[in-house]
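For reference, the structure is listed below as structure tokens.
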2 protein chains.
Amino acid sequence: MCLAGYPLAMAARDLQERIKKLIIDRRLASGAPLPTEPELMAHLGASRNSVREALKGLQAMGIVEIRHGFGTYVGTMSLAPMVEGLAFRTVAGHHRGEDTLLQLLQLREAVETGLVSRLAGRIPDADLVELDALVDRMEEQAARGGDGIAETDRAFHATLYRGLDNALLGEVMEAFWDTFHRVHTDLGGAPQDPLVTCRQHREIVDAVRSGDAIRAEKAISEHFGNIRVRVSTTGTQHPHRCHNERV
Amino acid sequence: MCLAGYPLAMAARDLQERIKKLIIDRRLASGAPLPTEPELMAHLGASRNSVREALKGLQAMGIVEIRHGFGTYVGTMSLAPMVEGLAFRTVAGHHRGEDTLLQLLQLREAVETGLVSRLAGRIPDADLVELDALVDRMEEQAARGGDGIAETDRAFHATLYRGLDNALLGEVMEAFWDTFHRVHTDLGGAPQDPLVTCRQHREIVDAVRSGDAIRAEKAISEHFGNIRVRVSTTGTQHPHRCHNERV
DNA sequence: AGAGTCAGCTGCTCTAACCAACTGAGCTAG
DNA sequence: CTAGCTCAGTTGGTTAGAGCAGCTGACTCT
């Protein structure tokens, strides 16, 4: 087909850009509906197939969200795609004998160490209360079977940095946590000792509350040191098969 | 077609996972060739169309690299896709009146402040030499027309954190720099004063060399403070059209 | 009035053909 | 003999049309 004025070739690469431009120009917010596939075909002057391939790429970047039988919508633009990509990169590297998981952990440690010292003394009281509650909850969960420990751990790290008052920063930290956790479990890594985790989380909260930046950094550092032992003593020796057996 | 044992529906979502699994299982490194499209069709029991859509998604995540008339290869798995997604998210939010660019800058500041204090005093001498050279070069470029300033700036921030000896961390920081720079120029933001930048870079190097963590943090903070002024006084008022006019 | 059904949207998958970019073998001209 | 060209074969890119599958809402039957 190819409407007048558009180059015949190079459709695919441009299509994504043009769909992105369409979202920008129409000021579409997350969740807003995009034109249907036939409408996009007409608007962009490309075949169904090319439009769909472009959408698939945008979907992988979290820019659009496709719901079968319902429509296409502007995506949440969360960092989930980054988690996906980073996780795969880490797993692939690990299976080829590289210490990618350790590197990922070190990345988290380096960044969180800096953030926590920035946070010391200026964290809102409300967050401290919530952090205390999260440690309490994890102690309960540890006393029981241990169900939900991971989710509580995630919430702890997410809540910790809420005080820095930057939603993007919070998302990035969560994304790193998610990536690490996902890769660690996929690779069959040994879980932490919940009681040790609780004690270290408690110390982090107390250190931040006291306003002692050095102590807070040390607390984070010890926490990660503990995790690091678990990572480097397992996983590297027995590259397990991925779950989701198929192919 | 659909080979025995595979569900008839749900092809697309699984296809990506199965291709990823194929890369993992065969221990394919970056740059290694993937099966051709016909081979993948046979291997995965799906049509050409579905295979291509899956590949487009993986391409958007940097997991595979597609070269027309040549073949499909395992991608470099750089963070470029993350830059792409984050940049779009920032631009889109900006055009809807949100202060996303400022948030991105604050993210960089928070993270780099922590990293630079961690770096103070333990940075390798070789890196210091290189950083000095980079500041010198930027001074030259400022004296001339100003060509290549951006690239030198990028190199400075990249070299700074090399001493932390974590390739992943370096890539992440570069990705944040790239995202910020790209969005800032796309939105027609005012460029920095090169001489101010040079002076602040010099102070950062000297602070890190002296081993004074507090001074280093302050130097970074001032540097970002300078950038922040440029961001918040421009750009927010006149949401420019994107470049690449089309559609 | 309530529940089932059906028509219509939506996106999903397949097939088949042709276009376009790259490679390399073989031919031709110098 | 070599330099360059041509052409066939490979690979991904694009289009077309048909039918499948999930969701919605109005219509119909009980």
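Side chains included, hydrogens not; waters and symmetry mates left out as well; all remaining heavy atoms used. Note on naming: letters A, B, ... go to the chains in the order of the sequence lines (proteins, then strands), and numbering restarts at 1 for each one. Predicted model only: the values in this text are computed from it and were never measured.
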Under the ring-ring contact (aromatic ring centres under 6.0 Å, His included) test, which residues partner B:Phe180, sequence neighbours left out?
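With sequence neighbours excluded, B:Phe180 shows a ring-ring contact (aromatic ring centres under 6.0 Å, His included) to B:His184, given in chain and number order.
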Please report, rounded to the nearest Å, how far the [atom2] atom of [N] is from the [atom1] atom of [X].
| X | N | atom1 | atom2 | value |
| --- | --- | --- | --- | --- |
| B:Glu65 | C:dC22 | CD | P | 13 Å |
| B:Arg13 | C:dT13 | CZ | C1' | 16 Å |
| B:Asn49 | C:dC18 | CG | C1' | 15 Å |
| B:Glu53 | C:dT15 | CD | P | 14 Å |
| B:Gln16 | C:dT13 | CD | P | 11 Å |
| A:Asp14 | D:dG13 | CG | P | 14 Å |

Those residues that, when tested against [X], pass side-chain hydrogen bond (donor to acceptor under 3.5 Å, both in side chains) (two or more places apart):
| X | value |
| --- | --- |
| A:Gln16 | none |
| A:Asp127 | none |
| A:Arg182 | A:Glu84 |

Using a strict cut-off of less than 4.0 Å between a Lys/Arg side-chain nitrogen and an Asp/Glu carboxylate oxygen, indicate whether B:Asp14 and B:Arg18 qualify as a salt bridge.
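No.
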Can you check nucleotides 8-12 of chain D for protein contacts, nitrogen or oxygen pairs under 3.5 Å, and list what you find?
from	atom 1	to	atom 2	distance (Å)
D:dG12	OP1	B:Thr72	OG1	3.2
D:dG12	OP2	B:Glu37	N	3.0
D:dG12	O4'	B:Gly69	N	3.4
D:dG12	N2	B:His68	NE2	3.4
D:dG12	N3	B:His68	NE2	3.4

Side-chain atoms of residues 65-80 of chain B: list all donor-acceptor pairs with protein atoms under 3.5 Å, sequence neighbours left out, distances to 0.1 Å.
from	atom 1	to	atom 2	distance (Å)
B:Ser78	OG	B:Ala80	N	3.1

Any B:Ser50 side-chain N or O less than 4.0 Å from OP1/OP2 of C:dC14
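For B:Ser50, the contact criterion (side-chain N or O under 4.0 Å from OP1 or OP2 of C:dC14) is met.
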